[in-house]
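This is a predicted model, so every value here is computed, not measured. Order of the sequence lines sets the chain letters (A, B, ...), proteins ahead of strands, with each chain counted from 1.
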Amino acid sequence: MQLVWFRNDLRLIDNPALYHACATGEPVTAVVCMTPGQWAEHNESEARIAHWHARLDWLETQLNQDGVELKRLDLDRFSDCPNALLELARELSVSALRFNYEYPLNEQKRDRAVCQALNAVGIEALGYHGDLVVSPGQVLTGGGTPFKVFTPFSKAWMKRLLQMDHEPLPSPFADKAVRPETGLPQEEVVGEFVGARSAREKSLSLQLGSANKHFTYPVDDTSLLEHLNRFIHEQEPDYQRLRDFPSRHGTSGLSPALTIGSLSARQCLAALKATYQDESWQSSTWLNELVWREFYRHLLVSFPGQSRYEPFRPEVAERISWLDNQHHLEAWKTGETGFPIVDAAMKQLNETGWMHNRLRMIVASFLTKLLRIDWREGEAYFMSKLIDGDFASNLGGWAWSASVGADAAPYFRIFNPQLQSEKFDPNGEFIAEWLPELRQLEPKERHKPGAGQRYGRPAPIIDYKAARKAALDDYNRG
DNA sequence: GGGGTTTTTAG
DNA sequence: TAAAAACCC
(Lines give C-alpha, C1' and ligand atoms only; values in the text may rest on other atoms or scores of the structure.)
Protein backbone atom coordinates (compact mmCIF):
# COMPACT_ATOMS: atom_id res chain seq x y z
CA MET A 1 0.00 0.00 0.00
CA GLN A 2 1.17 3.51 -0.91
CA LEU A 3 0.13 6.44 1.29
CA VAL A 4 -0.14 9.97 -0.16
CA TRP A 5 -0.25 12.80 2.37
CA PHE A 6 -2.11 15.82 1.00
CA ARG A 7 -1.46 19.28 2.45
CA ASN A 8 -1.60 22.47 0.37
CA ASP A 9 -1.37 20.50 -2.86
CA LEU A 10 -5.02 19.54 -3.27
CA ARG A 11 -4.83 18.45 -6.89
CA LEU A 12 -4.67 15.41 -9.13
CA ILE A 13 -2.85 17.08 -12.03
CA ASP A 14 0.83 17.89 -11.55
CA ASN A 15 1.04 16.28 -8.14
CA PRO A 16 4.39 14.45 -7.97
CA ALA A 17 3.68 12.60 -4.71
CA LEU A 18 0.38 11.24 -6.01
CA TYR A 19 1.79 10.55 -9.44
CA HIS A 20 4.72 8.52 -8.19
CA ALA A 21 2.61 6.63 -5.66
CA CYS A 22 0.27 5.54 -8.43
CA ALA A 23 3.19 4.70 -10.69
CA THR A 24 4.23 1.91 -8.31
CA GLY A 25 1.13 -0.02 -9.32
CA GLU A 26 0.31 -0.67 -5.67
CA PRO A 27 -3.03 0.36 -4.20
CA VAL A 28 -3.04 3.95 -2.90
CA THR A 29 -4.63 5.55 0.16
CA ALA A 30 -4.73 9.31 0.70
CA VAL A 31 -4.50 11.06 4.06
CA VAL A 32 -4.89 14.58 5.40
CA CYS A 33 -4.07 15.87 8.87
CA MET A 34 -6.55 18.31 10.40
CA THR A 35 -4.49 20.54 12.71
CA PRO A 36 -6.80 23.37 13.83
CA GLY A 37 -4.54 24.35 16.72
CA GLN A 38 -1.63 24.86 14.35
CA TRP A 39 -3.81 26.70 11.85
CA ALA A 40 -4.88 29.10 14.60
CA GLU A 41 -1.27 29.68 15.61
CA HIS A 42 -0.47 30.44 11.97
CA ASN A 43 -3.37 32.91 11.80
CA GLU A 44 -5.01 30.99 8.99
CA SER A 45 -8.21 32.70 7.91
CA GLU A 46 -11.69 31.21 8.04
CA ALA A 47 -11.99 31.88 4.33
CA ARG A 48 -8.84 29.97 3.50
CA ILE A 49 -9.78 27.05 5.74
CA ALA A 50 -13.29 26.90 4.25
CA HIS A 51 -11.81 27.00 0.75
CA TRP A 52 -9.35 24.25 1.63
CA HIS A 53 -12.14 22.06 3.03
CA ALA A 54 -14.40 22.63 0.03
CA ARG A 55 -11.61 21.62 -2.30
CA LEU A 56 -10.81 18.62 -0.12
CA ASP A 57 -14.42 17.43 -0.44
CA TRP A 58 -14.13 17.69 -4.22
CA LEU A 59 -10.79 15.88 -4.14
CA GLU A 60 -12.21 13.08 -2.01
CA THR A 61 -15.01 12.48 -4.50
CA GLN A 62 -12.50 12.31 -7.34
CA LEU A 63 -10.14 10.01 -5.46
CA ASN A 64 -12.96 7.68 -4.45
CA GLN A 65 -14.03 7.34 -8.07
CA ASP A 66 -10.56 6.10 -8.85
CA GLY A 67 -10.49 3.68 -5.99
CA VAL A 68 -8.49 5.81 -3.56
CA GLU A 69 -9.83 6.27 -0.07
CA LEU A 70 -9.16 9.52 1.81
CA LYS A 71 -8.46 9.29 5.55
CA ARG A 72 -8.96 12.43 7.60
CA LEU A 73 -6.93 12.48 10.82
CA ASP A 74 -8.39 14.80 13.46
CA LEU A 75 -5.37 16.22 15.24
CA ASP A 76 -4.45 19.57 16.72
CA ARG A 77 -0.80 20.47 16.12
CA PHE A 78 1.87 19.57 13.62
CA SER A 79 3.62 17.75 16.44
CA ASP A 80 0.72 15.26 16.46
CA CYS A 81 1.40 14.24 12.86
CA PRO A 82 4.31 11.78 13.29
CA ASN A 83 2.50 9.43 15.66
CA ALA A 84 -0.82 9.61 13.87
CA LEU A 85 0.73 8.94 10.47
CA LEU A 86 2.89 6.18 11.87
CA GLU A 87 -0.16 4.49 13.36
CA LEU A 88 -2.08 4.74 10.10
CA ALA A 89 0.87 3.52 8.07
CA ARG A 90 1.19 0.44 10.28
CA GLU A 91 -2.53 -0.25 10.20
CA LEU A 92 -2.53 -0.17 6.39
CA SER A 93 0.82 -1.95 5.98
CA VAL A 94 2.13 1.00 4.03
CA SER A 95 5.43 0.58 2.19
CA ALA A 96 5.95 4.28 1.45
CA LEU A 97 4.50 7.63 2.47
CA ARG A 98 4.77 10.34 -0.17
CA PHE A 99 4.19 14.07 0.09
CA ASN A 100 5.10 17.33 -1.64
CA TYR A 101 7.38 19.66 0.29
CA GLU A 102 6.18 22.82 1.98
CA TYR A 103 8.81 25.44 2.74
CA PRO A 104 7.94 27.39 5.90
CA LEU A 105 10.04 26.34 8.89
CA ASN A 106 7.30 24.71 10.99
CA GLU A 107 6.19 22.67 7.99
CA GLN A 108 9.77 21.58 7.30
CA LYS A 109 10.21 20.53 10.93
CA ARG A 110 6.92 18.62 10.87
CA ASP A 111 7.97 16.77 7.73
CA ARG A 112 11.39 15.89 9.10
CA ALA A 113 9.79 14.50 12.27
CA VAL A 114 7.35 12.41 10.22
CA CYS A 115 10.16 11.04 8.06
CA GLN A 116 12.17 10.10 11.14
CA ALA A 117 9.22 8.39 12.81
CA LEU A 118 8.45 6.28 9.74
CA ASN A 119 12.04 5.53 8.84
CA ALA A 120 12.65 4.30 12.39
CA VAL A 121 10.29 1.39 11.73
CA GLY A 122 11.47 0.79 8.18
CA ILE A 123 8.74 2.66 6.30
CA GLU A 124 9.95 4.83 3.47
CA ALA A 125 8.98 8.54 3.48
CA LEU A 126 9.53 10.44 0.26
CA GLY A 127 9.25 14.18 -0.34
CA TYR A 128 8.80 15.78 -3.78
CA HIS A 129 9.13 19.32 -5.05
CA GLY A 130 5.78 20.15 -6.61
CA ASP A 131 4.95 23.60 -5.29
CA LEU A 132 7.27 25.60 -7.52
CA VAL A 133 8.23 25.63 -11.18
CA VAL A 134 11.93 25.71 -10.25
CA SER A 135 12.74 24.02 -6.95
CA PRO A 136 14.65 25.68 -4.10
CA GLY A 137 18.40 25.39 -4.50
CA GLN A 138 18.13 25.34 -8.30
CA VAL A 139 18.66 29.09 -8.72
CA LEU A 140 22.00 30.32 -7.35
CA THR A 141 24.52 33.05 -8.05
CA GLY A 142 27.80 32.32 -9.80
CA GLY A 143 29.33 31.88 -6.35
CA GLY A 144 26.77 29.27 -5.42
CA THR A 145 24.96 31.48 -2.93
CA PRO A 146 21.24 32.32 -2.93
CA PHE A 147 20.07 35.54 -4.58
CA LYS A 148 18.90 38.34 -2.32
CA VAL A 149 17.77 40.65 -5.11
CA PHE A 150 14.82 39.89 -7.32
CA THR A 151 15.98 40.99 -10.78
CA PRO A 152 19.14 38.87 -10.98
CA PHE A 153 17.17 36.02 -9.41
CA SER A 154 14.52 36.22 -12.10
CA LYS A 155 17.15 36.19 -14.87
CA ALA A 156 18.84 33.13 -13.40
CA TRP A 157 15.43 31.56 -12.82
CA MET A 158 14.51 31.93 -16.48
CA LYS A 159 17.86 30.55 -17.58
CA ARG A 160 17.37 27.53 -15.35
CA LEU A 161 13.79 27.10 -16.51
CA LEU A 162 14.83 26.89 -20.14
CA GLN A 163 17.37 24.16 -19.33
CA MET A 164 14.91 21.88 -17.61
CA ASP A 165 11.70 20.01 -18.20
CA HIS A 166 8.91 22.00 -16.64
CA GLU A 167 5.82 20.35 -18.07
CA PRO A 168 3.15 19.57 -15.51
CA LEU A 169 2.66 15.90 -14.68
CA PRO A 170 -0.63 14.45 -15.84
CA SER A 171 -3.21 13.22 -13.39
CA PRO A 172 -2.49 9.57 -12.72
CA PHE A 173 -6.18 8.93 -13.38
CA ALA A 174 -6.39 10.97 -16.58
CA ASP A 175 -7.93 9.61 -19.73
CA LYS A 176 -5.63 9.44 -22.72
CA ALA A 177 -7.41 12.34 -24.38
CA VAL A 178 -6.48 14.72 -21.60
CA ARG A 179 -3.65 17.13 -22.29
CA PRO A 180 -1.35 17.42 -19.33
CA GLU A 181 -0.80 21.16 -19.77
CA THR A 182 -4.36 22.16 -19.11
CA GLY A 183 -6.21 19.03 -18.18
CA LEU A 184 -8.88 19.92 -20.71
CA PRO A 185 -9.79 17.40 -23.38
CA GLN A 186 -7.76 18.36 -26.43
CA GLU A 187 -10.57 19.08 -28.87
CA GLU A 188 -12.14 21.51 -26.46
CA VAL A 189 -9.05 23.61 -25.84
CA VAL A 190 -9.27 25.12 -29.28
CA GLY A 191 -11.92 27.75 -29.85
CA GLU A 192 -13.90 28.68 -26.80
CA PHE A 193 -12.38 27.82 -23.52
CA VAL A 194 -15.36 26.49 -21.72
CA GLY A 195 -14.53 22.82 -21.68
CA ALA A 196 -17.23 20.25 -21.22
CA ARG A 197 -17.67 19.08 -17.70
CA SER A 198 -16.72 15.48 -17.46
CA ALA A 199 -19.81 13.55 -16.48
CA ARG A 200 -18.37 12.28 -13.23
CA GLU A 201 -17.12 15.63 -12.00
CA LYS A 202 -19.34 17.50 -9.63
CA SER A 203 -19.07 21.25 -9.56
CA LEU A 204 -18.48 22.76 -6.15
CA SER A 205 -18.03 26.31 -5.10
CA LEU A 206 -17.43 28.24 -1.95
CA GLN A 207 -19.61 31.23 -1.12
CA LEU A 208 -18.31 34.04 1.03
CA GLY A 209 -19.52 37.49 1.93
CA SER A 210 -22.38 39.26 3.62
CA ALA A 211 -26.06 39.12 2.76
CA ASN A 212 -25.89 41.58 -0.12
CA LYS A 213 -22.51 40.66 -1.53
CA HIS A 214 -21.55 37.14 -2.50
CA PHE A 215 -18.20 35.95 -3.71
CA THR A 216 -17.93 32.58 -5.31
CA TYR A 217 -14.73 30.63 -5.46
CA PRO A 218 -14.98 27.57 -7.70
CA VAL A 219 -13.24 24.49 -6.37
CA ASP A 220 -13.74 21.87 -9.07
CA ASP A 221 -11.12 21.33 -11.77
CA THR A 222 -13.38 22.10 -14.68
CA SER A 223 -14.19 25.54 -13.31
CA LEU A 224 -10.62 26.20 -12.22
CA LEU A 225 -9.11 25.28 -15.58
CA GLU A 226 -11.77 27.30 -17.32
CA HIS A 227 -10.82 30.23 -15.08
CA LEU A 228 -7.13 29.77 -15.86
CA ASN A 229 -7.67 29.52 -19.60
CA ARG A 230 -10.08 32.39 -19.73
CA PHE A 231 -7.59 34.57 -17.89
CA ILE A 232 -4.70 33.54 -20.12
CA HIS A 233 -6.58 34.17 -23.35
CA GLU A 234 -8.70 37.16 -22.50
CA GLN A 235 -6.92 39.09 -19.75
CA GLU A 236 -3.23 38.20 -19.59
CA PRO A 237 -2.45 40.23 -22.75
CA ASP A 238 -3.74 43.33 -20.92
CA TYR A 239 -2.34 42.38 -17.54
CA GLN A 240 0.49 44.90 -17.56
CA ARG A 241 -1.87 47.70 -18.55
CA LEU A 242 -4.74 46.92 -16.16
CA ARG A 243 -3.31 45.11 -13.17
CA ASP A 244 -2.80 48.20 -11.04
CA PHE A 245 -6.38 49.44 -11.20
CA PRO A 246 -8.47 47.91 -8.43
CA SER A 247 -11.77 48.73 -10.11
CA ARG A 248 -10.75 46.78 -13.22
CA HIS A 249 -10.64 43.01 -13.42
CA GLY A 250 -7.01 43.09 -14.39
CA THR A 251 -5.52 40.47 -12.06
CA SER A 252 -5.79 36.73 -12.48
CA GLY A 253 -7.67 35.95 -9.27
CA LEU A 254 -5.80 32.64 -9.18
CA SER A 255 -3.99 33.19 -5.88
CA PRO A 256 -6.58 31.35 -3.73
CA ALA A 257 -6.15 28.28 -5.95
CA LEU A 258 -2.36 28.52 -5.93
CA THR A 259 -2.14 28.76 -2.17
CA ILE A 260 -4.11 25.57 -1.47
CA GLY A 261 -2.54 23.95 -4.50
CA SER A 262 -5.75 23.29 -6.41
CA LEU A 263 -3.73 24.69 -9.32
CA SER A 264 0.04 24.39 -9.61
CA ALA A 265 2.50 27.03 -10.74
CA ARG A 266 3.59 24.71 -13.55
CA GLN A 267 0.02 24.44 -14.81
CA CYS A 268 -0.14 28.23 -14.91
CA LEU A 269 3.13 28.46 -16.81
CA ALA A 270 2.09 25.76 -19.28
CA ALA A 271 -1.20 27.50 -19.98
CA LEU A 272 0.66 30.76 -20.58
CA LYS A 273 3.24 29.23 -22.92
CA ALA A 274 0.56 27.44 -24.91
CA THR A 275 -0.93 30.73 -26.09
CA TYR A 276 2.29 32.23 -27.45
CA GLN A 277 3.70 31.32 -30.85
CA ASP A 278 7.17 32.61 -29.98
CA GLU A 279 9.44 33.30 -27.03
CA SER A 280 7.65 36.41 -25.88
CA TRP A 281 5.92 34.62 -23.00
CA GLN A 282 9.29 34.97 -21.28
CA SER A 283 8.70 38.66 -20.73
CA SER A 284 5.10 38.33 -19.55
CA THR A 285 4.42 40.67 -16.63
CA TRP A 286 2.09 38.09 -15.16
CA LEU A 287 4.82 35.46 -15.33
CA ASN A 288 7.03 37.92 -13.45
CA GLU A 289 4.52 37.83 -10.60
CA LEU A 290 4.72 34.04 -10.55
CA VAL A 291 8.50 34.43 -10.34
CA TRP A 292 8.05 36.66 -7.25
CA ARG A 293 6.16 33.76 -5.72
CA GLU A 294 9.12 31.52 -6.53
CA PHE A 295 11.62 34.10 -5.20
CA TYR A 296 9.94 34.38 -1.80
CA ARG A 297 9.77 30.60 -1.41
CA HIS A 298 13.42 30.20 -2.37
CA LEU A 299 14.32 32.90 0.16
CA LEU A 300 12.38 31.12 2.89
CA VAL A 301 14.43 27.98 2.31
CA SER A 302 17.76 29.84 2.04
CA PHE A 303 17.11 32.04 5.07
CA PRO A 304 14.93 30.01 7.43
CA GLY A 305 15.24 32.64 10.16
CA GLN A 306 12.64 34.63 8.24
CA SER A 307 10.03 32.11 9.38
CA ARG A 308 10.80 33.27 12.93
CA TYR A 309 10.54 36.92 11.87
CA GLU A 310 14.26 37.49 12.20
CA PRO A 311 14.92 40.69 10.26
CA PHE A 312 16.41 40.17 6.84
CA ARG A 313 18.13 43.53 7.06
CA PRO A 314 18.92 44.15 10.75
CA GLU A 315 20.72 47.40 9.92
CA VAL A 316 17.42 48.83 8.70
CA ALA A 317 15.19 47.14 11.26
CA GLU A 318 17.12 48.46 14.28
CA ARG A 319 16.74 52.06 13.17
CA ILE A 320 12.95 51.86 13.29
CA SER A 321 11.04 52.35 16.53
CA TRP A 322 7.55 50.92 16.18
CA LEU A 323 4.66 52.67 17.88
CA ASP A 324 2.20 50.71 19.98
CA ASN A 325 -1.07 52.49 19.23
CA GLN A 326 -4.04 50.14 19.57
CA HIS A 327 -6.47 52.84 18.49
CA HIS A 328 -4.62 53.37 15.21
CA LEU A 329 -4.24 49.64 14.63
CA GLU A 330 -7.94 49.07 15.15
CA ALA A 331 -8.85 51.94 12.81
CA TRP A 332 -6.59 50.42 10.16
CA LYS A 333 -8.06 46.94 10.57
CA THR A 334 -11.66 48.10 10.36
CA GLY A 335 -11.13 50.63 7.57
CA GLU A 336 -11.83 53.73 9.66
CA THR A 337 -8.62 55.72 9.18
CA GLY A 338 -10.28 58.55 7.27
CA PHE A 339 -8.06 57.86 4.23
CA PRO A 340 -10.60 56.70 1.64
CA ILE A 341 -8.40 54.42 -0.43
CA VAL A 342 -7.04 52.71 2.70
CA ASP A 343 -10.49 52.30 4.21
CA ALA A 344 -12.06 51.02 0.99
CA ALA A 345 -9.25 48.50 0.64
CA MET A 346 -9.66 47.23 4.21
CA LYS A 347 -13.43 46.92 3.73
CA GLN A 348 -12.76 44.83 0.64
CA LEU A 349 -10.43 42.59 2.62
CA ASN A 350 -12.79 42.22 5.56
CA GLU A 351 -15.80 41.45 3.41
CA THR A 352 -14.34 39.26 0.69
CA GLY A 353 -11.16 37.76 2.10
CA TRP A 354 -9.25 39.25 -0.81
CA MET A 355 -7.59 42.58 -1.59
CA HIS A 356 -6.19 43.88 -4.86
CA ASN A 357 -2.39 43.82 -4.89
CA ARG A 358 -1.97 47.56 -5.50
CA LEU A 359 -4.08 48.16 -2.41
CA ARG A 360 -2.06 45.70 -0.37
CA MET A 361 0.99 47.87 -1.03
CA ILE A 362 -0.89 51.05 -0.15
CA VAL A 363 -2.34 49.81 3.15
CA ALA A 364 0.95 48.15 4.11
CA SER A 365 2.89 51.36 3.53
CA PHE A 366 0.24 53.24 5.50
CA LEU A 367 0.48 50.91 8.50
CA THR A 368 4.26 50.55 8.60
CA LYS A 369 5.45 53.99 7.50
CA LEU A 370 2.71 56.43 8.47
CA LEU A 371 1.22 54.78 11.54
CA ARG A 372 4.64 53.23 12.25
CA ILE A 373 3.02 50.08 13.57
CA ASP A 374 5.15 46.93 13.47
CA TRP A 375 4.81 45.23 10.08
CA ARG A 376 4.26 41.89 11.83
CA GLU A 377 0.88 43.20 13.04
CA GLY A 378 -0.11 43.73 9.43
CA GLU A 379 1.34 40.41 8.34
CA ALA A 380 -0.69 38.58 10.98
CA TYR A 381 -3.89 40.49 10.21
CA PHE A 382 -3.61 39.79 6.50
CA MET A 383 -3.12 36.08 7.20
CA SER A 384 -6.17 36.09 9.47
CA LYS A 385 -8.39 37.50 6.72
CA LEU A 386 -7.00 36.53 3.32
CA ILE A 387 -8.41 33.60 1.37
CA ASP A 388 -5.07 33.53 -0.46
CA GLY A 389 -3.02 33.98 2.70
CA ASP A 390 0.32 32.42 1.91
CA PHE A 391 3.10 32.53 4.47
CA ALA A 392 6.07 33.06 2.15
CA SER A 393 4.46 35.63 -0.13
CA ASN A 394 2.71 37.50 2.68
CA LEU A 395 5.84 37.61 4.81
CA GLY A 396 7.95 38.71 1.86
CA GLY A 397 5.47 41.38 0.84
CA TRP A 398 5.16 42.87 4.31
CA ALA A 399 8.89 42.89 4.93
CA TRP A 400 9.28 44.55 1.53
CA SER A 401 6.74 47.22 2.44
CA ALA A 402 8.40 47.92 5.76
CA SER A 403 11.80 48.12 4.01
CA VAL A 404 13.23 45.35 6.18
CA GLY A 405 12.94 42.54 3.61
CA ALA A 406 14.99 41.19 0.74
CA ASP A 407 15.25 43.60 -2.18
CA ALA A 408 12.98 45.90 -0.21
CA ALA A 409 11.86 49.40 -1.03
CA PRO A 410 14.17 52.01 0.51
CA TYR A 411 12.81 53.35 3.78
CA PHE A 412 12.12 56.82 2.41
CA ARG A 413 9.71 55.40 -0.16
CA ILE A 414 6.48 56.16 1.64
CA PHE A 415 3.30 55.85 -0.41
CA ASN A 416 1.20 58.97 -0.49
CA PRO A 417 -2.31 57.48 -0.12
CA GLN A 418 -4.04 60.37 -1.87
CA LEU A 419 -1.68 60.35 -4.86
CA GLN A 420 -1.91 56.57 -5.13
CA SER A 421 -5.68 56.87 -5.04
CA GLU A 422 -5.79 59.54 -7.74
CA LYS A 423 -3.44 57.57 -9.93
CA PHE A 424 -4.91 54.10 -9.61
CA ASP A 425 -8.58 54.82 -8.91
CA PRO A 426 -8.89 57.96 -11.04
CA ASN A 427 -12.68 57.98 -11.13
CA GLY A 428 -13.06 56.99 -7.49
CA GLU A 429 -15.01 53.92 -8.58
CA PHE A 430 -13.30 51.50 -6.26
CA ILE A 431 -13.70 53.88 -3.32
CA ALA A 432 -17.39 54.29 -4.11
CA GLU A 433 -17.91 50.56 -4.29
CA TRP A 434 -16.64 49.97 -0.75
CA LEU A 435 -17.48 53.28 0.89
CA PRO A 436 -21.00 53.91 -0.43
CA GLU A 437 -21.23 57.14 1.57
CA LEU A 438 -18.70 58.68 -0.82
CA ARG A 439 -20.87 58.11 -3.88
CA GLN A 440 -22.46 61.43 -3.02
CA LEU A 441 -19.16 63.19 -3.69
CA GLU A 442 -17.81 64.05 -7.12
CA PRO A 443 -15.22 61.44 -8.22
CA LYS A 444 -12.34 63.92 -7.84
CA GLU A 445 -13.36 64.66 -4.25
CA ARG A 446 -13.27 61.04 -3.10
CA HIS A 447 -9.51 60.77 -2.65
CA LYS A 448 -8.87 63.38 0.01
CA PRO A 449 -8.19 62.39 3.62
CA GLY A 450 -11.36 63.02 5.57
CA ALA A 451 -13.56 62.96 2.48
CA GLY A 452 -17.25 62.44 3.25
CA GLN A 453 -17.14 63.47 6.89
CA ARG A 454 -20.59 64.99 6.58
CA TYR A 455 -21.86 61.63 5.34
CA GLY A 456 -20.51 59.78 8.32
CA ARG A 457 -16.95 58.97 7.29
CA PRO A 458 -14.27 59.52 9.95
CA ALA A 459 -11.79 62.38 10.14
CA PRO A 460 -8.23 61.36 9.21
CA ILE A 461 -6.48 59.77 12.19
CA ILE A 462 -3.13 61.28 11.18
CA ASP A 463 -1.82 64.21 9.18
CA TYR A 464 0.00 62.81 6.17
CA LYS A 465 2.84 65.32 5.95
CA ALA A 466 3.53 65.28 9.68
CA ALA A 467 3.44 61.48 9.84
CA ARG A 468 5.79 61.18 6.88
CA LYS A 469 8.23 63.62 8.46
CA ALA A 470 8.06 61.86 11.82
CA ALA A 471 8.84 58.51 10.18
CA LEU A 472 11.85 59.87 8.28
CA ASP A 473 13.11 61.76 11.34
CA ASP A 474 12.85 58.64 13.48
CA TYR A 475 14.66 56.60 10.87
CA ASN A 476 17.44 59.14 10.36
CA ARG A 477 17.92 59.52 14.10
CA GLY A 478 18.58 55.77 14.16
C1' DG B 1 7.41 52.00 -5.55
C1' DG B 2 8.11 58.73 -3.00
C1' DG B 3 9.35 63.55 -3.03
C1' DG B 4 12.25 67.54 -3.55
C1' DT B 5 15.45 69.52 -6.64
C1' DT B 6 18.13 69.98 -10.80
C1' DT B 7 18.74 69.17 -15.65
C1' DT B 8 17.07 68.30 -20.13
C1' DT B 9 13.83 68.67 -23.71
C1' DA B 10 9.94 70.07 -26.54
C1' DG B 11 7.28 73.63 -28.31
C1' DT C 1 8.82 78.48 -20.17
C1' DA C 2 6.71 74.53 -18.62
C1' DA C 3 6.72 69.77 -18.56
C1' DA C 4 9.34 65.59 -18.46
C1' DA C 5 13.34 63.15 -17.16
C1' DA C 6 17.18 62.46 -14.20
C1' DC C 7 19.19 62.52 -9.76
C1' DC C 8 19.70 61.82 -4.90
C1' DC C 9 18.24 60.87 -0.18
Checklist outcome for this item: So salt bridge (Lys or Arg N to Asp or Glu O under 4.0 Å) across residues 36-45 of chain A, not counting sequence neighbours, yields A/Glu41-A/Arg77, A/Glu44-A/Arg48
Next on the checklist: For a 4.0 angstrom threshold against heavy atoms of chain A, report the outermost contacting nucleotides of DNA chain B in 5' to 3' order.
Outcome noted: B/dG1 to B/dG3
Item to check | Whole-Å gap separating C1' (C/dC8) and CG (A/Leu472) | outcome: 14 Å
Checklist entry - Got a salt bridge between A/Glu442 and A/Lys444, using NZ or NE/NH1/NH2 to carboxylate O under 4.0 Å? => result no
Checklist entry - Ignoring hydrogens and geometry, is there a side-chain-to-backbone donor-acceptor pair from A/Arg110 to A/Phe78 under 3.5 Å? => result no
Using residues 143-159 of chain A as the side-chain source, report each donor-acceptor pair under 3.5 Å to any protein atom, sequence neighbours left out, with the distance given to one decimal.
unit_1, atom_1, unit_2, atom_2, d
A/Thr145, OG1, A/Thr141, OG1, 2.8
A/Ser154, OG, A/Thr151, O, 2.8
A/Trp157, NE1, A/Glu294, OE1, 2.9

Checklist entry - Got more than 12 heavy atoms from elsewhere within 6.0 Å of OH, A/Tyr19? => result no
Checklist entry - Which residue pairs satisfy the salt bridge (Lys or Arg N to Asp or Glu O under 4.0 Å) criterion with at least one member in residues 240-256 of chain A, sequence neighbours excluded? => result A/Asp238-A/Arg241, A/Arg243-A/Glu289, A/Asp244-A/Arg358
Checklist entry - With a 4.0 Å cut-off on heavy atoms, is A/Tyr464 in touch with a base, just the backbone sugar-phosphate, or nothing at all? => result sugar-phosphate
Item to check | Aromatic plane relationship, A/Trp292 with A/Tyr296 - under 30° parallel, 30 to 60° tilted, over 60° perpendicular | outcome: tilted
Checklist outcome for this item: Those residues at least two apart in sequence (or on a different chain) that pass salt bridge (Lys or Arg N to Asp or Glu O under 4.0 Å) with A/Glu429 are none
Checklist entry - Does anything in residues 413-426 of chain A reach DNA chain B, meaning a heavy atom under 4.0 Å, and if so which residues? => result A/Arg413, A/Ile414, A/Phe415, A/Asn416, A/Leu419, A/Gln420
Item to check | Whole-angstrom distance between B/dG1 and C/dC9, as gauged at atom C1' | outcome: 15 Å
